[in-house]
> 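One structure follows; several queries about it will come next.
Sequence lines set the chain letters: A, B, ... in the order given, protein chains first and strands last, and positions in each chain run from 1.
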Amino acid sequence: MFYREAGDYKTSYQDDGQTFPIKFDRYRYYFVLFVAFAMVPFLINDYWVNAIFLPFLIYSIAAIGLNILVGYCGQVSLGTGGFMAVGAYACYKFMTGLDIWIDGVQYALPPINIFFSVILAGLVTAVVGVLFGLPSLRIKGFYLAVATLAAQFFLVWLFNKWSWAYNYSASGQINAPEREIFGVAITGPSTDAWATYLFCLVIAALCAIVARNLTRGASGRKWMAIRDMDIAAEIIGVNPLKAKLSAFAVSSFYIGIAGALFFAVYLGAVEVGEAFGIQKSFIVLFMVIIGGLGSIFGSFAGAAFLVLLPVLLKLMLADSTDEISGFSSVMSWVFLVAFAAAVVMLVINIVRTRSLIAGAGVGWIFASIAAFMAYALTIGGMGWPTDIVAHLQLVIVGALIIIFLIAEPHGLAQLWRVAKEKLRLWPFPH
Amino acid sequence: MNDMSTEGYTTADGRKIGGTLMEMKNITLSFGGVKAITDISFDIKEGEIRAIIGPNGAGKSSMLNVISGFYIPQQGEVWYQGAKRPQMRPYEVARQGIARTFQNIALFDGMSVLDNVMTGRLNHMTTGLFAQGLWKGKAEREEVENRERAEKIIDFLEIQAIRKTPVARLPYGLKKRVELARALAAEPSLLLLDEPMAGMNVEEKEDMSRFILDVNDEFGTTIALIEHDMGVVMDLSDRVVVMDYGKKIGDGTPDEVRNNQDVIDAYLGVSHD
Amino acid sequence: MLDAGETNDTVLEVNNIEVIYNHVILVLKGVSLKVPKGGITALLGGNGAGKTTTLKAISNLLHSERGEVTKGSVSYRGEITQHLDPADLVKRGVIQVMEGRHCFEHLTVEENLLTGAYTRTDGKGAVDADLEMVYNYFPRLKERRRSQAGYTSGGEQQMVAIGRALMSRPETILLDEPSMGLAPQLVEQIFGIVKQLNEGEGYTFLLAEQNTNVALRFAHYGYILESGRVVMDGPAKELRENPDVKEFYLGMSDDGRKSFRDVRSYRRRKRWLS
Amino acid sequence: DLVFPSLSYRTGPYAAGGIPFADGYADYFTMLNERDGGIGGIMTKVPECETGYNTEKGVECYESTKGEGALVYQPLSTGITYQLIPKVTADGIPLHTMGYGRTSAANGKVFSHVFNYPANYWNGASVAINHLLETNGGDIKGKKVALVYHNSAYGKEPIRTLEELSTKHGYELSLLPVDHPGQEQKSQWLQIRRDKPDYVIMYGWGVMNQVAIQEAANIRFNMENFIGIWWSGAEHDVTPAGDAANGYKSVTFHNVGSDFPVFDDIKTHVVDKGLAAGAGDQIGTVLYNRGMYAAMLAAEAAKKAQEIHGTAQITPAMMRDGMEALEITEEGMTALGMPNFGPSFAVSCENHGGPGLGGITQWNAADKKWNLISDFGPSDMDVILPLITADSEAFAAENNIEQRCN
Amino acid sequence: MPDNLIFGIEVFLNGLMAGVLYALVALGFVLIYKASGIFNYAQGVMALFAAATLVGIMNGQVPFSHLINAMFGTEVHHFGWHLPALLGILLTAAFMVLLAWLVQKFVFRHLVGQEPIILFMATIGLAYFLEGISDLMWGSEIKNLDVGLPQGASIWLEDSTRWMGFGNENFYGFFIDKLDMFATVIAAILVLALVIFSQYSKQGRAMRAVADDHQAALSVGINLNFIWVMVWSLAGFVALVAGIMWGTKSGVQFSLSLIALKALPVLMLGGFTSIPGAIVGGLIIGVGEKLFEFAVGPMVGGATENWFAYVLALIFLVFRPQGLFGEKIIERV
Ligand SMILES: Nc1ncnc2c1ncn2[C@@H]1O[C@H](COP(=O)(O)OP(=O)(O)OP(=O)(O)O)[C@@H](O)[C@H]1O
Ligand SMILES: Nc1ncnc2c1ncn2[C@@H]1O[C@H](COP(=O)(O)OP(=O)(O)OP(=O)(O)O)[C@@H](O)[C@H]1O
Ligand SMILES: [Mg+2]
Ligand SMILES: [Mg+2]
């Protein structure tokens, strides 16, 4: 009812193969792009950019990359942190002027423009990714996942030890010096919020589009064939070596770019073990799975979820304000509406299935969560001790991951799809 | 018995069968202690429909796996298109124009029917990774061309209606049909079918038979098939190989096989009509 | 042999169930069945008609496929079973042989068979005796008893699946496509076993089959399912004689079986679906 | 309000160290509020933000608190410090990294907003070597010294200094890195057992400390010859090893124990009123004292700033001026109820690191107490200063920073 | 004897011991993987949780005291009892059974039949959850765990092996930690018991069946819920043992949960499904990483153990993709 595809005919295979075959979707997509590119830059400040948008965009890129490998090609990897480190350090070397020793003589390239440094960093990472992808020809499933940890630990160790990589600084930290594009600072201390945001947004958008192109065409099908049944894929003519390695290459390219941005634009200074430890690998994998394996949209959704959730929880639980801010009063209304909806869902569910938790009836869980959120935000945060909040955060994030998986194992993207399908049929149940 | 020289022959209903397309010579395959295939030789001629039958565990599927390069026999040679085939990886075999379906359906569950059929065309697509990333231009053109061909096959097998359905949701019989579509999409010169009609009712078997015959007729595709439904085998095939416990116990036209006492004992039980 | 008319003692009753997968895909649209005690009931129908779904709804295996019974009820010996665990059903004597074999790949053939006896409490001796019985039915399995099931051929796996179900000493067996992938000889043999168990031991069978021919030869009563609805039912004998069934499910025209080569028409409409 | 954000960590691998420090930091300000009505008549506020020792969360915390008029940041993490250096410089908010962070930030000419008085890692290393010199009558030529360090930016900091010092004093230095988290150190300690160094210096944090001390006890290494940096010298580092840890030493830049009048004030004004940040049972522990000491330095600097600018409601820029003019004297500390609690020192525009004074404490397992066994002595600035200058100038060159204080 | 050889031997011995400690953690992984195909990332956190609970119970700590005090302004901390170690261990084991039941009831029952990666993900969610709960219940500060296990170098062994230096005065006997020796004995008993259980008992067979095919297991009447509660309890118990060993070594605190990362290469090398594999894998990894650090570490700057363990396992895998003792990965079409 809300959502119509009737009357939206396709007359060519081109039209049918496009990313958003339904008109309604297409317009929404343009709208989102418009808001992201033309409105957000005028509205944001340092906090929004540094605490939310930059990590969101950068993690999205990493998640798309990992999704290509895990979600499309089915090769579970836990080496993301290590590959991001490669991207970061490569970017650092390029932006500070790569120096090479040949026969004891040092040659140094001039510093490369930050945009190209980032892209080159991606390429370097792609090469490293292919190297570490080689075992995937023999090793499968969780064995491979654990094997990629070898890459993770080795790379982190390497960048900790190899002083060339951090320009021989005493502590092994790398710092992003100031670099500009068209005279606007992108890295370094004196950047503007909108500039770093736009820079990352452009790269993220390009990455998403290219990823979409790759996955809807022949490469994507090769990857998915390998994912779904590698033996059958080989028998019908997919070269597993090429397919897997190309997935590793593309995936690492993205992750390398994310690592470069993470270091150069977002944090500005990193230490490899801290910034690119094993936790990075896990967090990006969470994003991919929570968002939805094999979905570009899901990568964004997963990144948004895991970047926003802790901030939101902190806002709700730890902060306390004497007066209610505009933001939280708006949010409280949003959540109150969500709460009402959840209650209705719950009632319908109880009536239909005569059970509290049967089937889709996790409604009441969401209902209670929403109720609490509404409450907490209305009073501007609960003001609890930070340690309790930090522990609770772990509990809540963990519980939410589980609840989401139970409600929809195929992630936010699938939740979204089911919702669309329901909307399409509405008001008919099936 | 027919003259089994490399020359072709003419079938009872007057179709002309060409020379030898593939020849298996003295194939022996074992897994640890289990002898799956013992010294089997047979040939497949161009344009014919060749059936392989035999009791369960006789080694039929293993034979197909040998042909598609997935199992490497301990002994024996595979001759294809007049040349001895060196050892090669399965995907290289596929590129030589051999396509197949599987006994335990091996569709790509995460993809739609259309995408599955399109994977059959992968060997006909050559755009590089970089061009694909850009999409507009070569990649799109190639995609559309191949899509057209895939759609022809989808039409041919009458699965238009489920084009966009994820295959995991399909019932068994339709899955088998999609698998056939995927194999056909590769435009193979030799098509291997492993129990294409298992789990189908008569009506569906009839449809499937018709597709097989039409493929053979219209594209001249050579077909080797394994099947347990004797009705189908006897009606469709030009020649039949019978295996039992890894050995060949019969080879010939359906009528010859049907009346072969060894075959009756080992497989058919009662003579079948 | 029993005829449906001879007993009214219904053990298993499916009452107008509706099944939905993934919250949106409606598959069964009100299916009702009665399975008489000690009878062989066949569930026939084309691909995707919902036979497997019906069986899974009965044995409560839908849950793990994200399917649910949204309407109607299933009762076994008068007890509503929808809220039982599959394991409880097995204890009550209902066991399903799943379509597509589903062997435990990494277990040996013998271990596979032994898992079938998981719910039994009548001691090792009885289990061993039954193991012998299964090996008697399927000598091929005895040869391969130490092989990992994952490496046996398709037909061998089918035998394992059936043998495994027998090992639980059930009362009612739900057989999903037992003939699939089996050599003709073996098909006859398996149906022979079914018949023997039915007559000798009084087992009740509900079998979903594509191979209508054989199924109707052995069954007492049949239901024909199309697109999630029962479109026809009756004693097997009558069904066999029904001209529609003959044409569409048995592949017979008035002048005997027609050759697969002669099939020309593409898709015919089923008269009762118009 | 005067806002002193505390980027604390009460969870994660280093929680055990983060908790008492954050408690001490918060309690001191609470005490000022309750006892004195704040600083210069204005109440203080210590918004806490949990970083979990994680750099990204650190950034989020920084961004979310800086809007509230934060006067000075105290992130208690070398990683977060590195991140914040450019940000605070751009935002004009001072950063105080006491005994951690970027050592060369002591050069105020380059790092305008970063302070690391009263002592930094390099001072710490030098103080440890000085102690060895002292116990050996001024000669450690030919002695073997092993450095067991946390394999991160933090742990690597002292290497350069120790190398320089080894050329100066003629001892042999060997390096033994331990990876995060440091649960398993068999290899390192077997190597120590084999090489039999005369002294072991440790730069550890978190569980690494406990394991190292336990392993040292296992191989029966003489604890008297085992010296940790100040981050490896808290009660919870030594207690797991029990009596075997007796005699273990640690460098420090402030005093230990709870024998100071200020604690009475904290008890009456904070703990007894139920306002303590933690359970109140940490008072007098090493890291609690350090947190409180940090708070005291911040409060004194704020007072100084109020004095200089003649206004009670100071801004971050004024706070920085206060920090650059900070002067801690023994009389001043006595007045604050903290006699001999730390060294006397002064900060200047050029020198943000103070004089680098440090002392040695030793663990007494029987009393379960740390004891200060030396005065706050100087470190070898002849060696350290050139290193600081070199490193900071390299940073200035890379980032086009103009030197100030001329 | 020359230094290098004799110290090499010592490193080797200690590697073996370290390997046993890794294997203790790996065992928990194997159990759950074998019974459900779930790669239980939460195993490390379970060890932490078990150890923290043990300390809490033994010291009579009030669970959630910090939370309670913060919310209600009360001041409760201790019940005021001190339990003997054995009783504490028993109570904690019972608690782990309860936990297993809860986990099964609220998490995995609803995920029957899902893909492995989804299940893996759920265990990560569980790890977060347990970590948070553990901190909330018992606090995140370091706790000393003392159940009376011996610790420190075995002086007797040192003295009685000093002669083996054959006059090398640098050598004063082999160094082996008493705790490690104790762990070895425990591990050996555990492994033996578990092997017998899984290979020869009916429940053990059912457990392996479940791992292969959830649906089929259900269809033959195996009660998945029961099997899972059983293995999660077993894994919980193994976690408790590992927690005690590691907790005694380094105190009970967050980093205990990271020992999972040391167990993974062990797991991979031994095979995810093999109980003896966990031990053998542990020994190989322990010895390998220690010897590498001993021989090569000094040349490349040390701290190689973390990555070398993985690389070593990787090398083995390239030759045996299912690990040394893992079930062969069935590849058929
Ligand atoms: N897990 C599932 N998710 C979504 N749809 C499903 C699922 N399983 C089955 N279906 C749909 O339910 C319908 C009935 O399927 P079912 O397997 O019951 O048919 P069937 O009669 O057993 O067919 P066949 O003879 O091919 O086995 C089919 O259309 C199928 O697409
Ligand atoms: N990879 C393998 N490892 C071990 N044994 C195998 C393997 N593949 C096949 N076998 C064995 O080889 C024999 C032949 O198997 P195959 O699958 O070829 O039989 P089939 O003729 O296709 O039988 P069906 O009609 O039942 O499918 C069987 O006994 C089987 O167990
Ligand atoms: Mg076969
Ligand atoms: Mg079916």
> Output the option from C:H102, C:K91, C:Q96 having the highest count of non-hydrogen pairs under 4.5 Å with chain E.
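Counting heavy-atom pairs under 4.5 Å, the top option is C:H102.
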> I'd like to know which of C:T119, C:I95, C:L107 tops the heavy-atom pair count under 4.5 Å against chain E.
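Looking at each option in turn, the highest pair count goes to C:L107.
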> Where does the angle between the aromatic ring planes of E:F39 and E:F272 fall among parallel (under 30°), tilted (30 to 60°) and perpendicular (over 60°)?
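Judged by the thresholds at 30° and 60°, the geometry between E:F39 and E:F272 is tilted.
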> Can you sort out the partners of C:E99 under salt bridge (charged side-chain N to carboxylate O under 4.0 Å, His left out), two or more places apart, ordered by chain and number?
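Testing C:E99 for salt bridge (charged side-chain N to carboxylate O under 4.0 Å, His left out), a comparison that skips the adjacent residues, returns none.
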> If I measure from the heavy atoms of chain C, does E:A211 come under 4.5 Å with its side chain, its backbone, both, or neither?
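For E:A211, there is no contact with chain C at all, as no heavy atom is under 4.5 Å.
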> Taking heavy atoms only and a threshold strictly under 4.5 Å, list by residue number the residues of residues 160-167 of chain C that touch chain E; give 'none' if the list is empty.
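Under the 4.5 Å heavy-atom cut-off, C:R164 qualify.
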> If you compare all heavy atoms of E:V191 against all heavy atoms of E:P276, which two are closest, and at what distance to 0.1 Å?
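So the minimum-distance heavy-atom pair works out to CG1-CA, 4.4 Å.
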> Using heavy-atom distances under 4.5 Å, tell me whether C:S59 contacts chain E through its side chain, its backbone, both, or neither.
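Looking at C:S59, nothing touches chain E.
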> Taking side chain as everything from C-beta outward and backbone as N, CA, C, O, which of these in C:R92 sits under 4.5 Å from a heavy atom of chain E? Side chain, backbone, both or neither.
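Neither the backbone nor the side chain of C:R92 comes within 4.5 Å of chain E.
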> For C:K142, enumerate each residue passing the salt bridge (charged side-chain N to carboxylate O under 4.0 Å, His left out) test, keeping only those at least two apart in sequence or located in another chain.
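Scan of C:K142 (salt bridge (charged side-chain N to carboxylate O under 4.0 Å, His left out), adjacent residues dropped) gives C:E132.
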> Under the ring-ring contact (aromatic ring centres under 6.0 Å, His included) definition, can you give me all pairs with a residue in residues 195-232 of chain E, not counting sequence neighbours?
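ring-ring contact (aromatic ring centres under 6.0 Å, His included) check on residues 195-232 of chain E returns E:F108-E:W232, E:H214-E:W228.
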> Give me the atom names and distance for the closest heavy-atom approach of C:R144 to C:V109.
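C:R144 and C:V109 have their closest heavy atoms at O-CG2, 3.3 Å.
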> Any idea which heavy atoms bring E:A313 and E:M268 closest together, and the distance?
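Minimum heavy-atom contact is CB-CE, 3.3 Å.
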> I need the minimum non-hydrogen distance between E:I275 and E:S198, along with the two atoms involved.
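Shortest heavy-atom separation between E:I275 and E:S198 comes out as CD1-OG, 4.0 Å.
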> Using non-hydrogen atoms and a 4.5 Å limit, figure out which bit of C:L114 sits close to chain E: side chain, backbone, both or neither.
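Contact with chain E is through both the backbone and side chain of C:L114.
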> Decide if atom CZ of E:F237 counts as having more than 12 heavy atoms of other residues, nucleotides or ligands within a radius under 6.0 Å.
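Open.
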